[in-house]
Amino acid sequence: MGRQKNKYQLLFSKRNYQILGIALLLIVFGFSLMVGGGSEDPNVFNPKIFNFQRIRLAPTIVLCGFVLAVFSILAKSKTSK
């Protein structure tokens, strides 16, 4: 019995998967920046919920992560024929 070569090929190149992994890390990091700012007592208002980190920075990082994920999918692989 001779050895047969695997005739399947991955959909994306290694570079595409690396970019996608970085994008997923950015998305998780952005959502982790949104966590917190709540109050222990529901009758007390905590103004920390409206700080720059939760309102501007975190959504921008998440949006950049999604854009990078779309780029990693649409970027042309160097191995494609």
Would you list the atom pairs, donor with acceptor, under 3.5 Å between side chains in residues 55-72 and any protein atom, with sequence neighbours excluded?
from	atom 1	to	atom 2	distance (Å)
Thr60	OG1	Arg56	O	2.6
Ser72	OG	Ala69	O	2.7

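Expressed to the nearest 0.5 Å, how far CG of Leu24 lies from CZ of Phe29 amounts to 15.0 Å. Between the CG atom in Leu33 and the CZ atom in Arg54 there is a gap of 9.0 Å [rounded to 0.5 Å]. Note that CD of Gln53 and NZ of Lys48 are 11.0 Å apart. Values are rounded to the nearest 0.5 Å.
Shown here is Tyr17, whose OH atom has more than 12 heavy atoms of other residues, nucleotides or ligands within 6.0 Å.
Applying the side chain to side chain contact (heavy atoms under 4.5 Å, CB included) criterion to Val35, with sequence neighbours excluded, gives no partner residue.
The minimum heavy-atom distance linking Lys76 with Arg15 is given by the pair O-NH1, 4.0 Å.
Within the 3.5 Å criterion, the main-chain N or O of Ile19 finds no donor-acceptor partner in the side chain of Asn16.
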